[in-house]
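A note on names: the letters A, B, ... follow the listed sequences, proteins ahead of strands, and every chain is numbered from 1.
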Amino acid sequence: MHTNYICHMNINKVRVRFAPSPTGGLHLGGVRTVLFNYLFAKHHNGDFILRIEDTDQTRFVEGAEDYIYQCLEWCGLQPDESPKHGGPFAPYKQSERKAIYKQYAEQLIAQGNAYYAFETPAELEQIRSDEKINNFQYNIWTRVNQKMKNSIVLGEEKTKELINNGTPYVIRAKMPDWKDLEKTIPDYREKLVETGENPFKKTVTDLVRGTLELDYANVDDKVLLKADGMPTYHLAVVVDDYLMKISHAFRGEEWLPSLPLHVFLWDNLFGLENMPQWAHLPLILKPDGNGKLSKRDGDRLGFPVFAMDWTDPKTNEKTIGFKERGFLPEAFINMLAMMGWNDGTDKEIFSLEELVTAFSMERVHKAGAKFDYEKAKWFNHEWIKKTTDYRLLTIVKPILEDAGINIDDDKKLVTIIGLVKDRCTFLADFIQQSVFFFKQPENIDVAAIKPKWNEQKNLFFAELIRAYELTQFWKHDELEKEFKEIAAVNEIKAGELMLPFRIMLVGGKFGPHVFNIAEVLGKQETLSRIKYCLKLL
RNA sequence: GGCCGGUUCGUCUAUCGGCUAGGACAGCCCCCUUUCACGGGGCAAAGACGGGUUCGAUUCCCGUACCGGCUACCA
């Protein structure tokens, strides 16, 4: 028995999957689902699988799959197996697994757990309006109505005939009712009284929600196999999770209502004992009001919702991503992790490695979290400060170059990055904070100093130029010392001269300590900017 | 409507029956800084409501309210 248990553990290596539908940009909530999958897998030395759920051919979007890989790569959450990376359970794209699903649907029919239905979508639409039932559902009551065209009403012969004639059909789950039970367990009533066990009720443990009481009676007869031969999500997720040996299945809370269906399918196809452990993650909500966060909210409130820029190939409409808005992937991941999870301490800044070590599904919060862009910005700022100047160089350099700044000296840029990163919330902030190191400022805020300008200050700067020309050690502390000495000799408060000096070098009232700027600029450039500015005053 | 889930400062959250309810973001104030930041210090701010259980409930149970999700041949 003991050996058996160990063996069992080995077979059931942790394997999780993220199964997006490639229909457009990758949403914050999607990335968080990836993250939690990834963290859980890596924490347990398991595998993280990416499966593409493209069973709805009407929703195919060019480039969407490739985009998902790019987002995962940017985030540093690489799958161990995927359509692109391959793996022992290929193919990982459901459209390429079409043939697999049908046999399971037919197995269910053979077992009496599913049936054929011949209504077209239009006919179902018609029923909904004719019957004036807004939510007409195919279920244990309606499926036996003589008006319905399904294998239960029509009988075996007629059904076969229709199928042989090429009539389009779907396969629907036949949710159990008491009459069916009577056939298989004649004395079920006594048993129910004796044991109190309702065979249609199942208890499932959800890793974040605890014990869930499920009732098969709560779901209707969902379509399992569509008329085009493709499975719906419901069938595909169960079949593929089984075939791919998924040990833990994590998904958004919006799937909770169909959990009884999925459990029903596991029950009748592969056995509950083989079912993965479920965890239904809380939703990410709109910052204002309520409801699920959507791309629209980002557009409306001015923040990204997608991981990376996404351009809809049909409308050419571009939606901004966190990457392009100037977020570091570390910050993006960190922020997402803290929405709904914490390690029980006050620690908030985590690297991916730290998250992998600390993560546990039991510490995931149950309630949805409103997205707070201000906090997201704080995470980014923290990560910019925390990231080494050298690593920032590789990220910031292309951004500056794109902005038309020519970088000839990486060492100089590293110094500058160290000087300015405290004041950058977004990576793009490096442009404004560094451009004046490389180019003479285009706009000089002379208005900030002109009103208080006088001949005395003119003389001071003339003297400063002479002194700086002779300076041997062009270092910020030396420059500051000389500056203050000359100010003292001329009997001007240094404070009144600092701002003019800053404006001369930077163009505006911002940037690091002015003498640090002068040091990086070098003697020639510093003097040239002072001289240029004096002419404007 | 039906079913399922949720409910601690404005926001993200800690608390696994003992609470003067802790932290972070945002806000406000002060210090540091002759720019802007960083940093340091401080202020303000919460257990939806009603019943139980208990010596004691934010914590456990039940109702109510509110919020959300689902209710497609979409995922």
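- For the P atom pair drawn from B:rC61 and B:rU54, the interatomic distance equals 16 Å after rounding to whole Å.
- Place A:Gly344 and A:Arg209 on RNA chain B by their nearest nucleotides, and A:Arg209 ends up nearer the 5' end.
- We find that A:Glu53 and A:Arg51 are joined by a salt bridge, their nearest charged nitrogen and carboxylate oxygen being less than 4.0 Å apart.
- Regarding A:Leu28, its CG atom lies at a distance of 14 Å from the C1' atom of B:rC12, rounded to whole Å.
- With B:rG5, B:rG10, B:rC36 as the candidates, the nucleotide lying closest to the side chain of A:Arg423 is B:rC36.
- Using N1 to N3 plus N6-O4 or O6-N4 for Watson-Crick, or N1-O2 and O6-N3 for G-U wobble, each under 3.5 Å, B:rU15 pairs with nothing.
- B:rC12 atom C1' lies 14 Å from atom CG of A:Asp343, rounded to whole Å.
- Remark: B:rC60 base-pairs with B:rG52; criterion is Watson-Crick or G-U wobble with both hydrogen-bond distances under 3.5 Å.
- Across B:rA24 and B:rU33, the matching P atoms stand 24 Å from one another, rounded to whole Å.
- Scanning atom types as modelled, one donor and one acceptor separated by under 3.5 angstrom connect the side chain of A:Lys375 and the base of B:rA24.
- In this entry the distance linking CG of A:Asp220 with P of B:rA72 reads 7 Å, nearest Å.
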Before giving the answer on ring pair (Phe, Tyr, Trp, His ring centres under 6.0 Å), spell out for A:Phe483 and A:Tyr468 the whole-Å C-alpha distance, their side-chain angles and the decisive distance to 0.1 Å. CA-CA 9 Å; A:Phe483 189 97; A:Tyr468 276 1; 7.2 Å; no
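- For A:Asn165, the CG atom counts as densely surrounded, since its 6.0 Å shell holds more than 12 non-hydrogen atoms of other residues, nucleotides or ligands.
- Taking atom OH of A:Tyr373 as the reference point, atom C1' of B:rC12 lies 17 Å away to the nearest angstrom.
- Counting any heavy atom pair closer than 4.0 Å across all strands shown, A:His365 reaches sugar-phosphate atoms only and no base atom.
- In this structure, A:Met361 and A:Leu207 approach most closely via the heavy-atom pair CG-CB, 3.7 Å.
- For the C1' atom pair drawn from B:rG10 and B:rG5, the interatomic distance equals 24 Å after rounding to whole Å.
- Atom C1' of B:rG68 sits at a distance of 15 Å from the matching atom of B:rA48, rounded to the whole Å.
- Nucleotides B:rG63 and B:rC43 have their C1' atoms positioned 40 Å apart, rounded to a whole Å.
- Within the structure, a side-chain polar atom (N or O) of A:Asn218 is placed less than 4.0 Å from OP1 or OP2 of B:rC4.
- The interatomic distance linking A:His513 (NE2) with B:rC32 (C1') rounds to 10 Å, in whole Å.
- What separates CG of A:Asn516 from C1' of B:rU33 is a distance of 13 Å, to the nearest Å.
- One finds a salt bridge joining A:Lys421 and A:Asp389 here, because a Lys/Arg side-chain nitrogen approaches an Asp/Glu carboxylate oxygen to under 4.0 Å.
- Backbone-only engagement by A:Gly340 is indicated by non-hydrogen atom pairs under 4.0 Å involving sugar-phosphate atoms exclusively.
- Relative orientation of the A:Tyr373 and A:Phe322 rings is perpendicular, given thresholds of 30° and 60° on the angle between their planes.
- Comparing the C1' positions of B:rG39 and B:rC60 gives an interatomic distance of 45 Å, to the nearest angstrom.
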Short N/O separations, protein against nucleotides 20-22 of chain B, under 3.5 angstrom:
none

Any chance you could lay out the ring pair (Phe, Tyr, Trp, His ring centres under 6.0 Å) test for A:His262 and A:Tyr233, step after step, and finish with the verdict? CA-CA 10 Å; A:His262 303 154; A:Tyr233 171 84; 5.7 Å; yes
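- Checked against A:Glu253 for a salt bridge (Lys or Arg N to Asp or Glu O under 4.0 Å), the options A:Lys292, A:Arg209, A:Lys366 give a single hit: A:Arg209.
- B:rA37 atom C1' lies 7 Å from atom NE2 of A:His381, rounded to whole Å.
- Side-chain N/O atoms of A:Lys385 include one lying less than 4.0 angstrom from OP1 or OP2 on B:rG39.
- Rounded to an integer number of Å, the gap from CD of A:Glu348 to P of B:rA26 is 11 Å.
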Could you list the protein-to-nucleotides 73-75 of chain B atom pairs, N/O on both sides, closer than 3.5 Å?
{"from": "B:rC73", "atom 1": "OP2", "to": "A:Arg172", "atom 2": "NH2", "distance (Å)": "3.3"}
{"from": "B:rC73", "atom 1": "O2", "to": "A:Ala227", "atom 2": "N", "distance (Å)": "2.8"}
{"from": "B:rC73", "atom 1": "N4", "to": "A:Glu119", "atom 2": "O", "distance (Å)": "2.5"}
{"from": "B:rC73", "atom 1": "N4", "to": "A:Pro121", "atom 2": "N", "distance (Å)": "3.4"}
{"from": "B:rC74", "atom 1": "OP2", "to": "A:Lys226", "atom 2": "NZ", "distance (Å)": "2.9"}
{"from": "B:rC74", "atom 1": "O2'", "to": "A:Asp56", "atom 2": "OD2", "distance (Å)": "3.4"}
{"from": "B:rC74", "atom 1": "O2'", "to": "A:Arg59", "atom 2": "NE", "distance (Å)": "3.1"}
{"from": "B:rC74", "atom 1": "O2'", "to": "A:Arg59", "atom 2": "NH2", "distance (Å)": "2.9"}
{"from": "B:rA75", "atom 1": "OP1", "to": "A:Thr55", "atom 2": "OG1", "distance (Å)": "2.6"}
{"from": "B:rA75", "atom 1": "OP1", "to": "A:Lys226", "atom 2": "NZ", "distance (Å)": "2.9"}
{"from": "B:rA75", "atom 1": "OP2", "to": "A:Tyr233", "atom 2": "N", "distance (Å)": "3.3"}
{"from": "B:rA75", "atom 1": "O3'", "to": "A:Glu53", "atom 2": "OE1", "distance (Å)": "3.3"}

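- No side-chain heavy atom of A:Leu212 sits less than 4.5 Å from a side-chain heavy atom of A:Thr203.
- Residue A:Leu283 is classed as a sugar-phosphate contact, given heavy-atom separations below 4.0 Å to backbone atoms only.
- No contact: A:Arg251 has no heavy atom under 4.0 Å from any strand.
- A:Tyr104 has its ring centre no less than 6.0 Å from the ring centre of A:Tyr242.
- Among the heavy atoms of the strands lying under 4.0 Å from A:Ala494 is at least one base atom, whether or not backbone atoms are also near.
- Across the strands present, B:rC66 finds its partner in B:rG6; the criterion is a Watson-Crick or G-U wobble pair with both atom distances under 3.5 angstrom.
- Anti is the conformation of B:rC28, whose glycosidic angle sits further than 90° from 0.
- The existence of a salt bridge linking A:Lys93 and A:Glu65 is confirmed by a sub-4.0 Å separation between a basic side-chain nitrogen and an acidic carboxylate oxygen.
- Residue-level contact check: A:Gly511 touches the bases, meaning some heavy atom is under 4.0 Å from a base atom.
- Nucleotide B:rU20 forms a pair with no other nucleotide shown, judged by Watson-Crick or G-U wobble geometry with both contacts under 3.5 Å.
- Rounded to a whole angstrom, the distance from the C1' atom of B:rA65 to that of B:rC29 is 39 Å.
- Classification of A:Asp220 and A:Lys222 as a salt-bridged pair holds, one side-chain N sitting under 4.0 Å from a carboxylate O.
- With both pairing distances under 3.5 Å, B:rC43 is matched to B:rG27 as a Watson-Crick or G-U wobble pair.
- The C1' atoms of B:rC9 and B:rG18 are separated by 22 Å, rounded to the nearest whole Å.
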